[in-house]
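In this text, all values refer to a predicted model and were calculated from it rather than measured experimentally.
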Amino acid sequence: MSGPNVEVGFTDHLNNPLLYAPEHFPSKIGGHPAWLNPSNIPRVPICAYCQEPLVFFAQIYAGLDRPSNGFHRMLYVFLCKRGSCYSDNKQPVRVLRSQLAADNPFYGLQPVPEGDAEVNEIGENKSFALSHNGHTNICGVCGCRAPLKCGKCHSAHYCSKSHQKLDWHDHKVHCSGPVTPAPKPHYLTKSSLLFKEFDIIIEREKEREIEELDPEELARIQNASDTYNISGKDAESLSQEYGKDNDPTFTKFKERISRDPAQVLRYARHDAPLWPVSTGQCVTVPPCSTCNAPRTFEVQFLPTLLYLLGVGKEKDDMDWASVVLYTCSNDCEVEDYVEEYAWSQTYTDK
């Protein structure tokens, strides 16, 4: 990732959660997914290793400069929280792509002003209710397609038995038969399963300083803890595996990240990822499953997110060096949602 068009992402908090609704086209970490196309949202992806539903991790809005299909374009990332599912180079990470033309049934040609995120008396965003609700039942736990519902009140919907079981502790307090009041919109509810929610702000990566670094500055870059705020678990893994060997990939990574130490993602369409370490890199990327065009790099999530999300406190928490997304280079038209390719790089082969 050495081109001039690299963009980096930083996290921020939104005071108004209604700004995470789909008509604002949010790029964000955690919470529920804000589905671009509400007519046929996907079912929750399942981990191929533990067979449990994956957890929504992030979405990135990356619209294309064309009025046809792709004017609105969103990527959705799901992953498994269990660290054991990442061992032996397993890939418990999935990414979905959705696209819409500028002229579509759900959104107007002009963006919705942020001031339009008003709440009515039942706590529901009016614009969102018109553009999203009623198209597809949504799981109250994860926000994905919900073919199941509570057998008693018939108003709570779920994607799976496991999420229905997870929600029962809270739902049983309100479940009182067919007259149960309508639940809040899913983007206003919170589940212990979800990751903490952050807005993502995208900026152009800072240019490299022209002047040569003095010895003190060079020493600072060589120290990962000074240049990159990652969790203690990650810092320990990196220092033990690569500090002694002076991995040149790690050194290059630290130097580049030091330009914007708080960054949590890197965006550089058709470029290449900035691998943190030399092992566990993606070697072969399968072509697009829809048009067979080659997939190219688009987005990379960095391990700073593990620290921000409080991951690493439990023994079996996920632990990775990078999550990298590859998407169709042809930007082929899709109906509803199509799967692209995601790769999780781990520090060691566990």
Side-chain angles (χ1 to χ4, degrees), residues 1-10 27 29 57-65 70 73-77 79 86 89 91 93-97 200 202-209 221 224 227-228 230 234 238 241-242 245-289 291-306 320-332 338-349:
M1 186 182 290
S2 57
N5 297 319
V6 177
E7 295 177 302
V8 294
F10 307 88
S27 290
I29 301 294
F57 178 66
Q59 66 183 71
I60 301 297
Y61 182 76
L64 304 175
D65 188 20
R73 182 173 175 273
M74 192 80 77
L75 303 178
Y76 299 87
V77 185
L79 46 72
Y86 293 81
N89 211 26
Q91 296 299 321
V93 183
R94 305 272 292 276
V95 56
L96 305 176
R97 170 170 59 96
I200 295 178
I202 304 293
E203 298 178 359
R204 185 76 64 185
E205 184 184 36
K206 293 179 181 178
E207 294 291 334
R208 183 177 182 179
E209 296 293 339
I221 290 177
T227 61
Y228 198 49
I230 56 180
D234 296 334
L238 286 167
E241 299 299 327
Y242 303 98
D245 297 336
N246 194 26
D247 183 354
T249 302
F250 185 35
T251 301
K252 178 182 177 182
F253 173 79
K254 289 187 294 180
E255 187 278 330
R256 189 66 178 264
I257 292 297
S258 68
R259 300 184 192 180
D260 299 284
Q263 63 186 276
V264 299
L265 69 82
R266 299 176 65 81
Y267 186 94
R269 190 82 195 275
H270 307 309
D271 201 326
L274 180 67
W275 297 108
V277 292
S278 58
T279 61
Q281 298 182 11
C282 182
V283 177
T284 303
V285 179
C288 175
S289 59
C291 70
N292 207 40
R295 285 192 176 106
T296 56
F297 169 76
E298 184 163 356
V299 187
Q300 174 182 10
F301 295 94
L302 305 177
T304 27
L305 282 170
L306 299 178
W320 38 258
S322 189
V323 170
V324 181
L325 310 184
Y326 298 88
T327 57
C328 175
S329 60
N330 195 38
D331 294 315
C332 63
V338 66
E339 184 165 0
E340 295 287 10
Y341 190 69
W343 180 269
S344 60
Q345 181 192 29
T346 55
Y347 296 121
T348 56
D349 295 328

Novice: Hey, does L274 have a side-chain heavy atom less than 4.5 Å from the side chain of I257?
Specialist: yes
Novice: Taking all heavy atoms of A293 and all of N330, pick out the closest pair and write down the distance.
Specialist: CB-CB, 3.7 Å
Novice: Could you please spell out the steps behind the salt bridge (charged side-chain N to carboxylate O under 4.0 Å, His left out) verdict for R97 and E298?
Specialist: CA-CA 12 Å; R97 170 170 59 96; E298 184 163 356; over 6 Å; no
Novice: Does any non-hydrogen side-chain atom of I202 lie less than 4.5 Å from one of L265?
Specialist: yes
Novice: Which heavy atom of C282 sits nearest a heavy atom of W275, and at what distance?
Specialist: N-CH2, 3.5 Å
Novice: With rounding to the nearest 0.5 Å, note down the distance linking CD in E340 to CG in L325.
Specialist: 9.5 Å
Novice: Quick check: closest heavy atoms across F297 and A268, and the distance to 0.1 Å?
Specialist: CD2-O, 3.3 Å
Novice: Taking the side chain as every heavy atom from C-beta outward, state whether E205 and N5 have any pair of such atoms under 4.5 Å apart.
Specialist: no
Novice: Would you call the rings of W320 and F57 parallel, tilted or perpendicular if under 30° counts as parallel and over 60° as perpendicular?
Specialist: perpendicular
Novice: If you take all heavy atoms of Q300 and P276, which pair is closest and at what distance?
Specialist: NE2-CD, 4.1 Å
Novice: Any non-hydrogen side-chain atom of R295 less than 4.5 Å from a side-chain atom of T327?
Specialist: no
Novice: Within a strict 4.5 Å, meaning less than it, do heavy atoms of the P273 and S322 side chains meet?
Specialist: no
Novice: Taking NZ, NE, NH1 and NH2 as the nitrogens, is one of them in R269 or D331 under 4.0 Å from a carboxylate oxygen of the other?
Specialist: yes
Novice: Check the pair V93 / Y86 against side-chain contact (heavy atoms from CB on, under 4.5 Å), numbers first and verdict last.
Specialist: CA-CA 9 Å; V93 183; Y86 293 81; 4.1 Å; yes
Novice: Might you work through the side-chain contact (heavy atoms from CB on, under 4.5 Å) test for R266 and L302, ending with a clear yes or no?
Specialist: CA-CA 8 Å; R266 299 176 65 81; L302 305 177; 4.1 Å; yes
Novice: Between Q345 and V324, is any pair of side-chain heavy atoms under 4.5 Å apart?
Specialist: no
Novice: Of the non-hydrogen atoms in P294 and S329, which two are nearest, and what is the gap between them?
Specialist: O-OG, 2.6 Å
Novice: Measure across E255 and S258 and return the closest heavy-atom pair with its distance rounded to 0.1 Å.
Specialist: O-OG, 2.5 Å
Novice: For the atom pair OG1 (T284) and OH (Y341), what is the distance rounded to the nearest 0.5 Å?
Specialist: 8.0 Å
Novice: Decide yes or no for F10 and Q263: does some side-chain heavy atom of the first lie under 4.5 Å from some side-chain heavy atom of the second?
Specialist: yes
Novice: For residues I60 and I200, determine if any side-chain heavy atom of one lies less than 4.5 Å from a side-chain heavy atom of the other.
Specialist: yes
